[in-house]
Participant: 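Sharing a structure with you now.
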Amino acid sequence: MTSCPLLRQVVLDATDARALAEFYRRLLGLRYRPGDEPPAVGEPDPQGTDWLVLRNDSGDLGIAFQQVPELPEATWPEGPRPQQLHLDLTVPTTAELDVQHDRALSIGARLLLDLSDDPEEPLRVYADPAGHPFCIFVAG
């Protein structure tokens with residue numbers, strides 16, 4: 001039997017890797033890989049201008065952020081700069097969808113589409129602070 005590679009992480013480009021990492025750390029409750037934590041206030045942040053990794057509690061899956069000099073924002077759902085990737089995040093209930101909606105907005109997400117009243121698959125589409133689209137929906 002042939003084995004398959006395992007997904008380790010998704011990597012997002014960002015013009016401010018530290019700010020985007022902080023957004024997803026707060027949104028998803030992830031933690032920094034050892035050595036990638038933010039420095040003390042006023043200290044230089046060399047990792048934050050290059051490459052940062054967040055991991056889940058078991059450490060086997062994460063999201064990484066790569067610093068780039070510029071990043072045109074996707075014009076979701078159509079337009080001259082289509083999305084290259086988006087993240088799907090799930091919650092168990094519509095009540096939790098509303099809780100996570102408020103959390104996402106409070107930490108810097110921007111609402112792009114609200115289908116929270118869809119009876120089959122309630123969802124909302126957001127842009128993160130760098131403009132990457134992501135969805136939060138009720139998993140059936």
Side-chain angles (χ1 to χ4, degrees):
M1 176 178 221
T2 303
S3 64
C4 296
L6 299 174
L7 177 64
R8 178 69 171 167
Q9 61 200 19
V10 172
V11 180
L12 296 177
D13 289 347
T15 57
D16 187 340
R18 178 64 69 194
L20 195 60
E22 278 296 296
F23 171 81
Y24 280 104
R25 183 188 65 78
R26 293 176 66 198
L27 181 68
L28 301 175
L30 300 174
R31 57 183 164 70
Y32 284 101
R33 170 181 69 177
D36 284 354
E37 300 88 353
V41 175
E43 293 294 316
D45 188 11
Q47 286 299 105
T49 60
D50 183 31
W51 181 269
L52 298 167
V53 178
L54 297 173
R55 294 264 177 252
N56 64 1
D57 285 339
S58 62
D60 61 352
L61 188 62
I63 184 169
F65 308 89
Q66 179 174 305
Q67 184 79 22
V68 296
E70 63 181 61
L71 182 67
E73 187 173 326
T75 53
W76 185 92
E78 55 191 40
R81 291 180 311 277
Q83 69 179 359
Q84 298 294 311
L85 166 137
H86 76 268
L87 301 176
D88 278 347
L89 311 173
T90 63
V91 294
T93 66
T94 54
E96 186 63 18
L97 180 65
D98 291 338
V99 168
Q100 295 307 318
H101 170 72
D102 292 340
R103 278 191 66 244
L105 294 179
S106 75
I107 60 174
R110 186 175 75 246
L111 183 65
L112 299 177
L113 177 68
D114 188 341
L115 296 176
S116 58
D117 58 355
D118 184 308
E120 292 184 30
E121 187 177 67
L123 70 92
R124 291 187 177 104
V125 181
Y126 303 88
D128 69 22
H132 302 105
F134 68 95
C135 301
I136 303 177
F137 64 94
V138 178

Participant: Within 45° of the axis and under 6.0 Å from the centre of the six-membered ring of Phe65, does NZ or CZ of Arg33 qualify?
Facilitator: no

Participant: Hey, does the side chain of Asn56 reach the backbone of Asp60 with a donor-acceptor pair shorter than 3.5 angstrom?
Facilitator: yes

Participant: Mind running side chain to side chain contact (heavy atoms under 4.5 Å, CB included) on Asp128 and Leu27 for me, showing each step along the way?
Facilitator: CA-CA 10 Å; Asp128 69 22; Leu27 181 68; over 6 Å; no

Participant: Of all heavy-atom pairs between Val91 and Gln100, which one has the smallest distance, and what is that distance?
Facilitator: CG1-CG, 3.8 Å

Participant: Taking Glu22 for the side chain and Leu20 for the main chain, is one N or O donor matched with an acceptor at less than 3.5 Å?
Facilitator: no

Participant: Between Arg18 and Thr49 (side chain of the first, backbone of the second, donor and acceptor by atom type, cut-off under 3.5 Å), is there such a pair?
Facilitator: no

Participant: Kindly determine whether Arg124 and Ser116 satisfy side chain to side chain donor-acceptor pair (under 3.5 Å), including the steps that lead there.
Facilitator: CA-CA 6 Å; Arg124 291 187 177 104; Ser116 58; 3.2 Å; yes

Participant: Within the distance-only criterion (no hydrogens, no angle test), does the side chain of Thr15 pair as donor or acceptor with the backbone N or O of Leu71 below 3.5 angstrom?
Facilitator: no

Participant: Determine the minimum heavy-atom distance between Ala74 and Pro133, stating which atoms define it.
Facilitator: CB-CD, 4.3 Å

Participant: Of all the heavy-atom pairs spanning Pro80 and Pro82, show the shortest one and how long it is.
Facilitator: O-CD, 3.5 Å

Participant: Indicate the atoms forming the closest heavy-atom contact of Phe23 with Ala109, along with that distance.
Facilitator: CE1-N, 3.5 Å

Participant: Is Leu28 reachable from Ile136 through a run of hydrophobic residues whose side-chain heavy atoms are each under 4.5 Å from the next?
Facilitator: yes

Participant: Under 30°, 30 to 60°, or over 60°: which ring-plane class applies to His101 and Tyr126, parallel, tilted or perpendicular?
Facilitator: tilted

Participant: Of all the heavy-atom pairs spanning Gly59 and Arg8, show the shortest one and how long it is.
Facilitator: O-NH1, 3.1 Å

Participant: Just checking, any donor-acceptor pair under 3.5 angstrom between side chains of Arg55 and Gln9?
Facilitator: yes

Participant: Heavy-atom distance under 4.5 Å between the side chains of Phe137 and Leu115, does that happen here?
Facilitator: no

Participant: Can you tell me how far apart CH2 (Trp76) and CG (Leu112) are? Round to the nearest 0.5 Å.
Facilitator: 6.0 Å

Participant: For Glu73, what residues pass the salt bridge (charged side-chain N to carboxylate O under 4.0 Å, His left out) criterion, not counting sequence neighbours?
Facilitator: Arg110

Participant: Taking Ile63 as the starting point, is it possible to reach Leu85 by hopping between hydrophobic residues whose side chains are less than 4.5 Å apart?
Facilitator: yes

Participant: Going only through I, L, V, M, F, W and Y residues with side-chain contacts under 4.5 Å, is there a path from Phe134 to Leu111?
Facilitator: yes

Participant: Okay, side chain of Gln67, backbone of Ala17: is any donor-acceptor separation there less than 3.5 Å?
Facilitator: yes

Participant: Check the hydrophobic clustering (I, L, V, M, F, W, Y; side-chain heavy atoms under 4.5 Å; chains of links allowed) and say if Val125 and Val99 are grouped together.
Facilitator: no

Participant: Where do Leu123 and Leu97 come nearest, in terms of heavy atoms and distance?
Facilitator: N-CD2, 4.1 Å

Participant: Is there a continuous path of hydrophobic side-chain contacts, each under 4.5 Å between heavy atoms, that joins Ile107 to Leu87?
Facilitator: yes

